[in-house]
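The next block holds one structure in the form of structure tokens; read it before the comments.
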Amino acid sequence: MLRACLRGANATAWKNFGNGSRITQQHCRHYTAGEPSGAVKVLATSLLAVSGGVGGTVLYAKWDPKFRATVEKNVPYSDQLFSLALGPAAKDANLPIRKQAESVQPPSMMEKQVKPSKAKAEKKVTEASEGPVKESSPAPAHTAPSIEEASAEATHIISAIGEVPSIPATCDTEATAVSEECTECHHQEQEKPAVMVDVEPSTAEEPLRERPVEEVTARLAQQDQEELDTLASLSTSLDDSLANSAKATLQAIGAQEAALQAIAQHTLRLREAMEAEVSSQEKSAQWKELEEALTHRLSAVDDAGSALQKANESLDSLKAIIERSKGLKVPAARPLILAAEENLHNMAVDLDKAVTQVQTAESEAKIVSQYSELVNEAKQQFQREVTSLTPDIQANWKGLTGKLSADDLNALIAHAHRRIDQLNRELAEQRVREQIHIDAALDQQKLEDQRALEKAVNTSLQHVREEARLEQERKLAELREVMEAEMRTQLRRQAAAHTDHVQDVLKVQEQELKAEAEQVLSSKMLEQETRYRQLGQEQVDNFTLDMNAAYARLKGMEEAIDSHVVAEEEARRAHQLWLSVEALTYSLKSADVDTPTVPLESSAKAVRENCHDDFAVALMSALPEESLQRGVYSEAALRARFNSLRSLARRVALVDESHNSLYQYFLSYVQAALLFERKQEVPPTQLSSDDLDPFKLLSYASYCLEHGDLELAAKLVNQLRGEARRVVEDWLTEARLTLETRQVVGLLSAYANAVGLGTTQAP
Amino acid sequence: MAEDHGRKWDRCLADTVVKTATGLGVGIVFSVILFKRRTWPLWFGSGLGLGMGYNNCQHDFRSPYLVHGHIVKVSTERKV
């Protein structure tokens, strides 16, 4: 009620506002001409009331926003008034709060987003920083390189063992990797080797994959081939150098021996020459021989020296080759190397022996030569003395015993006595100095002996050491061979076990496959048998089928002939029916403009006689009685009647059961006179409530009738209510009759056509 | 039915005219005899007649809508 009052008040208020001053002025102008006081009073009071109402509304709206919203919704333009008076609606107050809430939410969400992204970024940054830090400052991270090296070692080992994913290898090979993946795997790798190093290599091999057999064999074959090649080359080189060195050494030894012999001979000759008292001729011959022996000796010594040098060179080269071959570390070549080393050692030992022999001989020869020199010197001195005393006597004084005079003899004897005294004195001196000389000589000899001893000790030590080493290596080689043999036996054993196992498995598989094959064979055999039987059966069946088919066809033909007769009968009947229906249709057309058709009884009877099935009988019974007795009106008649009816219906449109006084009739007449509608209007496909207005309905019906649609016209007219309906009731009945009759006749004719045309039979 | 409507109107009008005239006549008579030749009986009489005619007309038009109650006498005697 409040709202209604307010609405009314607002409406009046707005009316006043809208048309406001104009109207009041008009009113003022109008009413000032007449009775001003009364009108003014009325005007004033009304204005007051209205303004009071409006002000109250505005105030209340200010206080209660819901009320304001309601008013704005219900009263147009009130929102403008309110916005003028009060400002924008209070619903804006809600928005800031919501916005705050929203703004609070997104920051929190953003923070959350930022946090994870930050965490990610931090992680990345730390990783990246760790990487470059590692790269840029290797000094503080020395432990890392060591671990890296260890990891590198471990990975090398692992990669050598088998195929490993490439991550560790690439990480380790490139120390300056920049990408994060590498640093990550670096981290991984750092952890891995720490684990791997602790764990046994057998467990570390778990993630490794076995190489395929072919690859393994290929690699082994390749390795063998390589080994063989190196071995061959090594052996050839060793043999060559061995041969060379052997030759050289033999040569040297031979030369040394020759030299030794030459020296010995020379010494012998020299001694003989010194001591032997032979004739002068022989002496000269001796001396000649001696000279020859000397030259021979010299040459032999030179030869020996050069041969020694050559031998040393070849030995050195052999040693170098041995070292090189040792460096190759080919296991199969060890015995060769060992043999070569032994040979080398033997040769060196022999050479040294020969050299020492030569040296001793040479030292002896030196002594002898010294002695000989001394003797020669004494002789020469004596000779000089003799010649100084007896210049006449020639050198060979032994042959001159008869030619010498007594003075000469005395002088000689005196000289000889003097010489003897001198010699005695020298002898005494010598005896005195003997000890000192002997000591000095002993010391010297001791020194020399020591030196020689040292040298001999060194060389023998070296030889012994060499021999020990060689012995060790030989023992090592032997041991290795033994180990190899044992490993081979174990492997052979394993291979034997494997073959046994494989044999067993193969046997089992053979059994299984045999069983399977037998099963398959038996099933196939069964299949074939069944198929054969099936085929046989099929043939028999086909034969029976053919026989049956032939019999059936025969039967069919007989039936067809019979049914043909039947069909002809039917056709005749259908013809008759059709003819009678045609007659009925024709009789329908006999309606005049105002009079109905002839009564359809006779034609209907004829049709009824010709119907032989329920459908036609039912249809015939559906014909309305009126049409049979009286006949039906034609469409044209109905149309004409409708036109006259229309005006009447229009005139009583407002009259119905509740409004049926004469006044209503008067109003209805007035309405009909004043209301204009189209003569004909196209009826819509769906009638709405607007279309149920009688005037509209009549125009629709007119249209339908003009276009020959009696049925729709009847339907539309059927929608009339009240007095108009009563007025057109007769017409409606007639229309219904006509429609019914036409429908039945149409059905009948269609049926007759169908039956006549073909084999259509009614159900 | 349409003819009925027209016929009804004819009847109606005729009846009204007759009644009005009759009423007028009666009024004249009464006015002359009883009411010292005053005018009002004429108006009264014609008004009466018109009213009766109007009412009859309305009743006639309403007739299809009026529900008539029939008293059916059930008698023990046999009716022909």
Side-chain angles (χ1 to χ4, degrees), chain A residues 594-596 626 633 637-673 694 697-698 701-702 705 713-714 717-718 720-737, chain B residues 1-31 35 38-73 79-80:
Chain A
D594 286 327
T595 55
E626 268 297 315
Y633 281 95
L638 286 170
R639 204 183 310 139
R641 223 170 111 187
F642 184 75
N643 284 330
S644 61
L645 266 181
R646 188 181 167 167
S647 52
L648 183 57
R650 283 180 82 248
R651 258 185 277 147
V652 294
L654 274 178
V655 179
D656 64 7
E657 296 91 356
S658 48
H659 310 101
N660 54 10
S661 61
L662 271 180
Y663 181 56
Q664 203 70 23
Y665 272 93
F666 172 65
L667 282 177
S668 184
Y669 276 2
V670 168
Q671 188 193 46
L697 282 169
L698 288 168
S702 264
L705 273 176
V717 164
N718 196 25
L720 287 170
R721 296 274 171 266
E723 188 64 30
R725 172 54 177 271
R726 278 188 61 247
V727 156
V728 297
E729 192 69 47
D730 272 349
W731 184 89
L732 206 54
T733 325
E734 287 300 319
R736 257 199 218 114
L737 264 171
Chain B
M1 215 54 164
E3 291 112 38
D4 284 350
H5 199 85
R7 256 183 257 128
K8 262 194 197 157
W9 272 118
D10 292 342
R11 256 204 325 268
C12 199
L13 275 169
D15 188 42
T16 311
V17 162
V18 162
K19 283 203 167 57
T20 316
T22 314
L24 189 70
V26 168
I28 288 169
V29 164
F30 266 87
S31 147
F35 297 112
R38 298 265 276 275
T39 335
W40 64 266
L42 271 73
W43 293 117
F44 184 71
S46 59
L48 213 60
L50 196 66
M52 280 196 289
Y54 182 87
N55 213 9
N56 271 353
C57 205
Q58 194 166 275
H59 190 85
D60 198 9
F61 273 115
R62 275 189 186 168
S63 55
Y65 299 116
L66 281 172
V67 179
H68 298 284
H70 298 283
I71 297 170
V72 176
K73 273 189 192 169
K79 280 240 161 137
V80 176

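Just so it is clear: chains get the letters A, B, ... in the order the sequence lines come, proteins before strands, and each one is counted from 1.
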To the nearest 0.5 Å, how far apart are CZ in B/Arg62 and OH in A/Tyr665?
9.5 Å
Evaluate whether atom CZ of A/Phe666 has more than 12 neighbouring non-hydrogen atoms of other residues, nucleotides or ligands under 6.0 angstrom away.
no
More than 12 foreign heavy atoms under 6.0 Å from CH2 of B/Trp43: is that the case here?
no
Nearest non-hydrogen partners of A/Asn660 and B/Gln58, listed with the distance
O-CG, 4.4 Å
Rounded distance (nearest 0.5 Å) linking atom OH of A/Tyr663 with atom OH of B/Tyr54
9.5 Å
Inspect the surroundings of OH in A/Tyr669 and state if more than 12 heavy atoms from other residues, nucleotides or ligands are less than 6.0 Å away.
yes
Derivation of the side-chain contact (heavy atoms from CB on, under 4.5 Å) call for A/Arg726 and B/His5:
CA-CA 10 Å; A/Arg726 278 188 61 247; B/His5 199 85; over 6 Å; no
Which atoms of A/Gln664 are under 4.5 Å from chain B, going by heavy atoms: the side chain, the backbone, both sets, or neither?
neither
